[in-house]
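Protein chains get the first letters and strands the later ones, always in sequence-line order, with residue 1 at the start of each.
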Protein chains: 2
Amino acid sequence: MTTGETATTGLRERKKQRTRQALSDAAIALFLEHGFDRVSVADVAAAADVSKPTLFRYFPAKEDLALHRIADHQGEAARVVRDRPDGRSPLAALRAHFHARLDAHDPVTGLSDHPGVRAFHDMLYTTPSLLARLVRYASRDEELLAEALGGPAPVARLAAAQIVTVHQRLAQENWRKLVSGRPVTDVLPEAHADADLAYDLLGTGLDGHFEG
Amino acid sequence: MTTGETATTGLRERKKQRTRQALSDAAIALFLEHGFDRVSVADVAAAADVSKPTLFRYFPAKEDLALHRIADHQGEAARVVRDRPDGRSPLAALRAHFHARLDAHDPVTGLSDHPGVRAFHDMLYTTPSLLARLVRYASRDEELLAEALGGPAPVARLAAAQIVTVHQRLAQENWRKLVSGRPVTDVLPEAHADADLAYDLLGTGLDGHFEG
DNA sequence: GAAAGAATTGTTACTCGGTTGCACTTTTGG
DNA sequence: CCAAAAGTGCAACCGAGTAACAATTCTTTC
């Protein structure tokens, strides 16, 4: 019996956590320094002092070495909808949450000060295979959101698809503005405005915007 | 200076066309028979009587062997918007076009009788790497559509993203119904109804559908 | 605390997608 | 007919990912 409550983590379990962490850290450091596809998985494995097969026992693909942190965010939209206060619509909850994430400079919004995070985003948006993997994560997110939205399945699925897509585009737009060299403080107000625009569009539809 | 107009195909050019066709045909036949990832590019090259490097001179990646026909459809949404009759809104034009494609059992709608096309769709939707490639094609489509829509860039981009996404989901839903064994004639009316629902949603927004 | 048992790891070797360098053949243009 | 250009095949290579099996490390049980 060891001390305390935190459940006996078990030595083996702790070692696995450490290996996983070492792999992730080594990978991200190397990727940011040399670029995703100029670093081989063998390099990463060597840097973390494990063999290549072991690396793949922890991360099913090279892309996951870079993305697993994002992957852990999965189901966030669904959670926001599920945990919204009584009387608030899902859309309103999501809008508020996105604004909050914006103010927190959350990486998922595409806005971010830290040079490390910036470099990470640059890598993300300029590496096709990472983008592809991100899409797969997003589609899982979409499923969960559709479920959380409830209502008739076709409507919920369409709505979820639109919402997830819009989030992606908002983040992409923010990133684009940062890439052009503008400081975050300058872009933030526009990001809020874009988000409002996007949610207005989601809420009231495209109909007044593109007439004959 | 080459000879005049587009006329003289040139022997060399004709040979290239034939090689390209042979590769595509061999690839699709093999993929449909054995499954995309149980066929190696070496197999395809051998079946088309070319070497592996030559194959990659024609198709930049294995996925393109399966998808280049779809790729050729690119910019269709943008074209529909650009060529719409006077006084008709882009959304109305796209809606009408989608219904027409549905009646034509166009593969892009996910509906289709031909067993060959059905098998192709099954392969598409169950092979992650193909889906990923498809997403990349779609994002090009989205760009072109945004351009065709005109208006303020942020709005156009958001609208284009939503429209493209909705098309994908409609096609996916149709395919899902076919997979469950139902005949096309049975699914078609629902497909039209889903399309109308989706376009209504796009036009008038999500706002009445998910209240507090 | 030691032995039986399970889980994890390293090594080696392999498959497959994709690329490179170079020699060889074919088409083209004069 | 000849030379430049374009296209091809060959062989060797790189990197991602997997399989087999032996060696090691943790857990469990007595």
Side-chain angles (χ1 to χ4, degrees), chain A residues 1-2 7-24 26-27 30-31 34-68 123 127-133 136, chain B residues 1-24 26-27 30-31 34-68 123 127-133 136:
Chain A
M1 287 296 241
T2 55
T8 46
T9 0
L11 171 57
R12 181 169 269 159
E13 201 57 33
R14 248 178 304 146
K15 269 201 160 177
K16 285 200 328 192
Q17 298 286 10
R18 260 193 297 134
T19 301
R20 187 182 176 79
Q21 194 62 39
L23 278 168
S24 170
L30 287 173
F31 291 160
H34 302 110
F36 183 75
D37 26 38
R38 271 195 298 273
V39 175
S40 77
V41 293
D43 295 336
V44 176
D49 253 308
V50 294
S51 68
K52 200 166 56 140
T54 295
L55 183 154
F56 283 109
R57 283 179 198 119
Y58 282 85
F59 297 90
K62 186 186 181 187
E63 287 76 27
D64 297 307
L65 282 166
L67 296 180
H68 80 103
M123 174 176 80
T127 309
S129 69
L130 287 178
L131 229 35
R133 199 69 164 201
R136 289 183 55 184
Chain B
M1 52 215 80
T2 58
T3 66
E5 314 290 284
T6 38
T8 22
T9 1
L11 172 55
R12 183 169 266 156
E13 201 56 34
R14 248 178 303 145
K15 267 199 161 177
K16 286 202 326 192
Q17 297 286 11
R18 260 192 297 135
T19 301
R20 187 182 176 79
Q21 194 61 39
L23 277 168
S24 170
L30 287 174
F31 290 161
H34 303 110
F36 182 75
D37 27 37
R38 271 196 299 273
V39 175
S40 75
V41 293
D43 295 336
V44 175
D49 253 309
V50 293
S51 68
K52 202 167 52 141
T54 295
L55 183 154
F56 282 108
R57 285 179 198 119
Y58 282 87
F59 297 91
K62 187 186 182 187
E63 287 77 27
D64 297 306
L65 282 166
L67 295 181
H68 80 105
M123 174 177 80
T127 309
S129 68
L130 288 178
L131 230 34
R133 200 68 165 201
R136 290 184 54 186

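- Formation of a donor-acceptor pair under 3.5 Å by the T19(B) side chain with backbone atoms of K15(B) is found in this model.
- Note: CG (L55(B)) to P (dG7(D)) measures 16 Å, nearest angstrom.
- Atom CZ in F59(A) sits about 21 Å away from atom P in dG15(D), given to the nearest Å.
- Heavy atoms from other residues, nucleotides or ligands lying under 6.0 Å from CZ of R136(B) number 12 at most.
- With rounding to whole Å, R20(B) atom CZ is found 15 Å from dG7(D) atom C1'.
- Looking only at side-chain heavy atoms (C-beta outward), F31(A) and L65(A) come within less than 4.5 Å of each other.
- Rounded to a whole Å, the CG atom of L65(B) is 12 Å from the C1' atom of dG18(C).
- The distance from atom NZ of K52(A) to atom C1' of dA19(D) is 12 Å, rounded to the nearest whole Å.
- Phosphate contact (OP1/OP2 of dT11(C), side-chain N/O of S51(A), threshold under 4.0 Å): absent.
- Here the nucleotide nearest the side chain of T19(B), chosen from dT8(D), dG9(D), dG17(D), is dT8(D).
- Nucleotide dT15(C) holds its P atom 13 Å from the CG atom of D43(B), rounded to whole Å.
- Regarding contacts with the backbone of dG9(D), a side-chain N or O of T54(B) is found under 4.0 angstrom from either OP1 or OP2.
- Judged purely by atom type and a 3.5 angstrom limit, K62(B) uses its side chain to pair as donor or acceptor with the backbone of V39(B).
- Following rounding to the nearest Å, E13(A) (CD) and dT8(C) (C1') show an atom-to-atom distance of 12 Å.
- Contact of the S40(B) side chain with the D43(B) side chain is registered, since non-hydrogen atoms from C-beta on lie closer than 4.5 Å.
- Nucleic acid contact for V44(B): none, since no nucleic acid atom lies under 4.0 Å from a heavy atom of the residue.
- Out of dG18(C), dA16(D), dT25(D), the shortest distance to the side chain of R12(A) is found at dT25(D).
- The F56(B) side chain lies nearest to dT19(C) when the options are dT18(D), dG10(C), dT19(C).
- Residue-to-nucleotide proximity on DNA chain C shows that, of P53(A) and F36(B), the 5′-proximal contact is made by P53(A).
- Atom CZ of R38(B) is separated from atom P of dT15(C) by 18 Å (rounded to the nearest Å).
- The residue among R57(B) and E63(B) whose nearest nucleotide of DNA chain C is located toward the 5' end is E63(B).
- Contact check, Y58(A) against dT8(C): no side-chain N or O comes under 4.0 Å of OP1 or OP2.
- At dT27(C), one or more side-chain N or O atoms of K15(B) fall inside 4.0 Å of OP1 or OP2 (strictly under the cut-off).
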